[in-house]
Amino acid sequence: MTDLAHPDRLDKVARLRAAGIDPYPARGVEAEPLAELVRDLGSPQSPGPRVGARVKAAGRLLSLRDFGKLIFAPLVDKGGRIQLGFQRDVLTDWWPNRKLLDGGDLVGVEGELGFTQKGEPTLWVHEVHILAKSVAPPPEKWHGLVDKELRYRRRYVDLWSSPGIADVFVARSRIVSKIRRDLEARGFLEVETPVLQPIAGGAAAKPFVTHHNALGLDMYLRIAPELYLKRLIVGGLEKVFEFARNFRNEGLSLRHNPEFTMLEVYWAQADYRHQIQLTEELIEAAAREANGSTHVRFRDREYDLRAPFRRVSYMELFEERNGCAFRDEAAVRAIAKRLGIREEHGYPKLANDVFEATCEDALEGVVFVVGYPIEISPLAKADPENPGVAERFELFVGGMEVANGFSELNDPAEQARRFEEQIATKDPEAPGEVDVDYVQALEYGMPPTAGVGIGIDRLVMVLTGQDSIRDVLLFPTLRPLHADTHGETQADGESGAAGSKHAPEA
RNA sequence: GGGUGCAUAGCUCAGUCGGUAGAGCAACUGGCUUUUAACCAGUAGGUCCUAGGUUCGAGUCCUAGUGCACUCACCA
């Protein structure tokens, strides 16, 4: 038992047992969803079909308003809420036990649907069963859980005590489900590829390192599933996708969590133009699924996600904003100097930084940027008409990158050369060694293929209007609490259990 | 990693010029059969984040630390 458990409530557990009532019974009750009960009850002005009906319900009591011989208590379940009315004259036998109920308790009830004098839909209770006694005090009834950290740490409280929170995660589930169904309908196969990888490839990012004891081998949590999914294209699976949890050992922000979900789709015989179209169609459908419309409100701005989305050319935008070509090194360096941008990993990266600094505002709407410099696209195929430009696109919504896709490089020699080049930059985010097995896979021959990665967390942010990635993650990454000091134990009751499950920080 | 801010009862928060701890909610006791942030009366509840320092005296001022929020950088 932790310090979170309230002595008065623990005492009530004992009193329930003494009264012959199991505070944690083994069986639940068959209950109807509260939202349906409320819907079918209607209102006093337009009564529904189930006024006076005898029903069973289960849920969590939020609070109790005790009038002596009458108690009102709101009951919530997943997505619904109704008021319970307990009356002494109806619950004669149970009445002496009423003081053993608290806000937060889980109960099952049987009773009759009706209204109060004020017209509030009410389930007039005839039978009460406690389903689980809550010994931790619920959040303050008016303000609720306002401490953001506590909301993330105790999502299990946030979900039932903060209105609208559960809706975001229901929407997330529907978005993912819709995308999955749409891809399956188009003949794509959902697959699973390794999270534990001997070489962290497929993106530029710092990986988490772990160790496999039996193999005596350091391994990485994947930063991207890309190289494995393309192996499957070599294997002839033709159209594959994975909702891939990726792990990147980098900073946290409104848009970044160390683990995040990326949908990656690979499509043989397609090129980047097919993927652009697929991307916008999937997103439009997901928007309709989540909101019933293509209009979304994100960070105080309205966006219309109806396909097709606008396209702009990377190189043209660069020239328009900077008055010089991407590869006009002298001119670009001068601009970089004026903007105070320092070179860190070679010229192409510097020029891309200039792009990001000068073209940012052009990415404010819903827009595909198309045709990235080949130098910063090591896994993408060059445009046959324009060898310096990769057949690559990124999708931005409100300035935030949501998707990245391209025609996949399938020339094994060229891929090996680009891997070597990447490693030579000594960029800490470049892979440490060439993924020889991947190059070998290409040597067997990969058909012309296009791939895209869609940031699912960020897409959900846009579609549900959440500013922070943490608000679309049920359990965002947090520093674990330690039970070392008394102060922290007091501040958080579950710290002892939680702390013991976490490995020490590396 | 840098900057700014915050940390007081279970929760949300006050706390004046440095003078020894307050409210509402929750809990407990009593009253109340139509409330909905119910109401009325009472009781109990404090390592003022931690460790130092200044001072006759620190919740308050100073230093360091810890945690969190916001923000910048990196990243998708």
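What you see is a predicted model, and the numbers here were worked out from it, not measured in a lab.
With sequence neighbours left out, the ring pair (Phe, Tyr, Trp, His ring centres under 6.0 Å) criterion links A/Phe396 to no other residue. In this structure A/Tyr438 satisfies the ring pair (Phe, Tyr, Trp, His ring centres under 6.0 Å) test with no other residue, sequence neighbours excluded. Partners of A/Glu364 by salt bridge (charged side-chain N to carboxylate O under 4.0 Å, His left out), not counting sequence neighbours, listed by chain and number: A/Arg301. Residues passing the salt bridge (charged side-chain N to carboxylate O under 4.0 Å, His left out) test with A/Arg54, sequence neighbours excluded: A/Glu110. In terms of the ring pair (Phe, Tyr, Trp, His ring centres under 6.0 Å) criterion, residue partners of A/Phe368 (sequence neighbours excluded) are, by chain and number, A/Phe309, A/Phe393. Partners of A/Glu226 according to the salt bridge (charged side-chain N to carboxylate O under 4.0 Å, His left out) rule, which considers only residues two or more places apart in sequence or in another chain, are A/Lys230. Take A/Lys99 and apply the salt bridge (charged side-chain N to carboxylate O under 4.0 Å, His left out) test, not counting sequence neighbours, and it matches A/Asp66.
A/Tyr314 has its ring centre less than 6.0 Å from the ring centre of A/Phe355.
In the set B/rA76, B/rU34, B/rC25, the nucleotide with an atom closest to the side chain of A/Lys141 is B/rC25. Listed candidates were B/rA69, B/rA38, B/rA76. Nearest to the side chain of A/Arg458 is B/rA76. The side chain of A/Glu250 approaches B/rC74 more closely than any other nucleotide in the set B/rC13, B/rG67, B/rC74.
In this structure, the CH2 atom of A/Trp124 is 12 Å from the C1' atom of B/rU36, given to the nearest Å. Put simply, NZ on A/Lys206 is 15 Å from P on B/rA73, counting in whole angstrom units. For the pair A/Leu254 CG and B/rA76 C1', the computed distance is 14 Å after rounding to whole Å.
Counting atom types as modelled, A/Gln83 pairs a side-chain N or O with a base atom of B/rU35 as donor and acceptor under 3.5 Å.
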Which side-chain N or O atoms in residues 466-475 of chain A pair as donor and acceptor under 3.5 Å with protein atoms at least two apart or in another chain?
| unit_1 | atom_1 | unit_2 | atom_2 | d |
| --- | --- | --- | --- | --- |
| A/Ser468 | OG | A/Arg470 | N | 3.1 |
| A/Arg470 | NH2 | A/Thr477 | O | 3.3 |
| A/Asp471 | OD1 | A/Tyr152 | OH | 2.9 |

Side chains of residues 83-94 of chain A: which donor-acceptor partners sit under 3.5 Å, not counting sequence neighbours?
| unit_1 | atom_1 | unit_2 | atom_2 | d |
| --- | --- | --- | --- | --- |
| A/Gln83 | OE1 | A/Arg65 | NH2 | 3.1 |
| A/Gln83 | NE2 | A/Thr122 | OG1 | 3.1 |

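Using P as the reference atom, B/rU60 and B/rU8 are 13 Å apart when rounded to the nearest Å. The gap from the C1' atom of B/rU20 to that of B/rG15 amounts to 13 Å, rounded to the nearest Å. Taking atom P in both B/rC61 and B/rC17, the straight-line distance is 11 Å, to the nearest Å. Comparing the C1' positions of B/rG52 and B/rC70 gives a spacing of 29 Å, expressed to the nearest Å.
Salt-bridge formation is not detected for the pair A/Arg151/A/Asp147: no Lys NZ or Arg NE/NH1/NH2 atom is positioned less than 4.0 Å from an Asp or Glu carboxylate oxygen.
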Could you go over nucleotides 2-7 of chain B and give all protein N or O partners under 3.5 Å, atom names and distances?
none

Which pairs, protein N/O on one side and nucleotides 21-24 of chain B N/O on the other, fall under 3.5 Å?
| unit_1 | atom_1 | unit_2 | atom_2 | d |
| --- | --- | --- | --- | --- |
| B/rG24 | N2 | A/Glu140 | OE2 | 3.3 |

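Taken residue by residue, residues 58-77 of chain A places heavy atoms nearer than 4.0 Å to RNA chain B at A/Arg65, A/Asp66, A/Phe67, A/Gly68, A/Lys69, A/Leu70, A/Phe72.
Both A/Phe260 and A/Asp89 sit near RNA chain B, but only A/Asp89 has its closest nucleotide nearer the 5' end.
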